[in-house]
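To keep things clear, I will list the structure first and then write my remarks on it.
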Protein chains: 2
Amino acid sequence: MTDRPLLPLLDDRPRERSDAARNRAALLRAAQEIAESCGYDAVTMDAVAAKAGVGKGTVFRRFQSREGLMGALLDASESEWQASVMTGPPPLGPGAPPMDRLLAFGRSRLDIVLQHADLIRNAGFGGAVRSYAAYSFTATHVRYLLGELGVQGDIAMLAVALMAPLELPILDQQVHIERIDVDRVYAGWVDLARRITRPA
Amino acid sequence: MTDRPLLPLLDDRPRERSDAARNRAALLRAAQEIAESCGYDAVTMDAVAAKAGVGKGTVFRRFQSREGLMGALLDASESEWQASVMTGPPPLGPGAPPMDRLLAFGRSRLDIVLQHADLIRNAGFGGAVRSYAAYSFTATHVRYLLGELGVQGDIAMLAVALMAPLELPILDQQVHIERIDVDRVYAGWVDLARRITRPA
DNA sequence: GCTCTAAGCGGACCATGGTCCGTTTATATT
DNA sequence: AATATAAACGGACCATGGTCCGCTTAGAGC
């Protein structure tokens, strides 16, 4: 769980003041701890502020909103996952054949999304499904793999088609409402991946 | 915009008292009117209650929550759409070849979801993407068409794969954030439909 | 028409997300 | 070190979703 930004793109923004940085860290830690011990419902802005020993205004200045705070928590764990895609062991990481990597990607996303379901739900995908940076990373990765597989057509759209069934709202419906077994969901996704990548 | 339930399944619940029914209608109308004239942000529970001339408690008893109220509004317009699938003119309605119907389904969903984006966002897919009844209907329809097309495999899963890219969170990302043209999104979906239904 | 009761009703009340603005402080500059 | 200033801070304050509970009433049974 690192606190560096996803895809550390060079930002020209003036660096954060040291007290600000300290508070950001304290707030994230406080939120995390409350979530772990009492669940996400207990992560109220007042509680986080109190636990971190700062005023409520500070929480909002740092994270804009409750969703923003949750999003920050989520991004931290997403960046761990990104690392395992970029530099981790195959088949998720580099080194394996593209199709193996694609299937590993699917399984990995399926697991991680369900695992962080609460957090994702609280991060509240207000409009988007998750932070633009996080979405962007997976999209780029899938497009890359489809390219390696020699898939013809509008690869960006096909990538979306592969990612969409792995997003929480859809998985929630299947796994938590219709009680479909996760392995069956994965098998269905593998079938989808095969059909999408299969040459005409 | 009818106020009958989607898929009017026989319910054994004791019928709603007449004053309750009257209030439900008044509340829906009030919410609708406020939304039309001032946007969904102005649809606060207090405002709706006031406009309908009832107490706030009544709004909550009828619709449980703000999301519930929005959901009711949404269901009303969904049932219009359902009617056009079940009894409307081809190719969306019955009569056209299955593939034509499938493609018409996609276009129609795409348009209607984007058109009602605000409402859907406010209905807040809290967990699920939309009401179970509404989801269920589209799922059944797509599975039926895939069956007619003689598609082999886990049809339920393939149906999900076709519906997922048409849900708001995904379309929002593409259309409103990445500014992808709607026609391109549709073309991508058609390609997906072809790949999924293409025989091995 | 009268009675009884479950359902419905209203609006005060609470919790929490989010804003505002006067005060404090880190840091760049001299 | 002194100064200036933009940034950060805190917590009172507001709006709104959601709950609660004592009062009212529709309508079934007589």
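Reckoned from all heavy atoms, side chains included, excluding hydrogens, waters and symmetry mates. Quick note on labels: first sequence line is chain A, next is B, and so on, each numbered from 1.
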Inset, instruction - Nearest whole angstrom, please: distance from the C1' of dG18(D) to the CG of Leu69(B). - result: 14 Å
Inset, instruction - Would you tell me if any nitrogen or oxygen in the side chain of Arg24(B) comes within less than 4.0 Å of OP1 or OP2 on dG8(C)? - result: no
Inset, instruction - May I have the distance from Arg22(B) (atom CZ) to dG10(C) (atom C1'), rounded to whole angstrom? - result: 16 Å
Legend entry - Lys NZ or Arg CZ of Arg24(A) over Phe63(A) ring: under 6.0 Å, within 45°: yes
Inset, instruction - From the options dG8(C), dG18(C), dT27(C), select the nucleotide whose nearest atom is closest to the side chain of Arg66(A). - result: dG18(C)
Legend entry - d(CE, Met45(A); P, dG10(D)) in whole Å: 14 Å
Inset, instruction - With the side chain of Lys56(B) defined as its heavy atoms from C-beta on, choose the nearest nucleotide among dC9(D), dG17(C), dG17(D). - result: dG17(D)
Legend entry - Greater than 12 external heavy atoms within 6.0 Å of Tyr186(A)'s OH: yes
Legend entry - Side chains of Arg143(A) and Leu146(A) in contact at under 4.5 Å (non-hydrogen atoms): no
Inset, instruction - Give the nucleotide from the list dC9(C), dG10(D), dG17(D) with an atom nearest to the side chain of Asn23(B). - result: dC9(C)
Inset, instruction - Could you please name the option among dG10(C), dA26(D), dG17(C) that lies closest to any side-chain atom of Val54(B)? - result: dG10(C)
Legend entry - Phe60(B) CZ - dC20(D) P separation (whole Å): 13 Å
Inset, instruction - Assign Arg61(B) to base, sugar-phosphate, or nothing according to its heavy-atom contacts below 4.0 angstrom with the strands shown. - result: base
Inset, instruction - May I ask you to check if Arg109(B) and Trp81(B) form a cation-pi contact, with NZ or CZ under 6.0 angstrom from the six-membered ring centre and within 45° of the axis? - result: yes
Inset, instruction - Would you indicate, yes or no, if dA15(D) has its OP1 or OP2 atom less than 4.0 angstrom from a side-chain nitrogen or oxygen of Thr44(B)? - result: no
Inset, instruction - Measure from the side-chain heavy atoms of Ser65(A) and tell me the nearest of dG8(C), dT27(C), dG18(C). - result: dG18(C)
Inset, instruction - Quickly work out the Met70(A) CE to dG18(C) P distance and round it to whole Å. - result: 11 Å
Legend entry - Closest nucleotide among dC9(D), dT19(D), dG8(C) to the Arg62(B) side chain: dG8(C)
Inset, instruction - Side chain of Arg17(A) only, please: which of dG10(C), dC9(D), dA26(C) is the nearest? - result: dA26(C)
Inset, instruction - Please indicate whether Asp41(B) has more than 12 foreign heavy atoms, meaning atoms of other residues, nucleotides or ligands, lying under 6.0 Å from its CG. - result: no
Legend entry - Along DNA chain D (nearest heavy atom to each residue), the more 5'-positioned of Asp19(B) and Asp46(B): Asp46(B)
Inset, instruction - Take the protein atom CG of Leu27(A) and the nucleotide atom C1' of dA8(D), then report the distance between them rounded to whole Å. - result: 13 Å
Inset, instruction - For the side chain of Thr58(B), starting at C-beta, report the closest nucleotide among dC9(D), dT19(D), dG10(C). - result: dG10(C)
Inset, instruction - Could you check how far CD of Glu16(A) sits from P of dA8(D), rounded to whole Å? - result: 7 Å
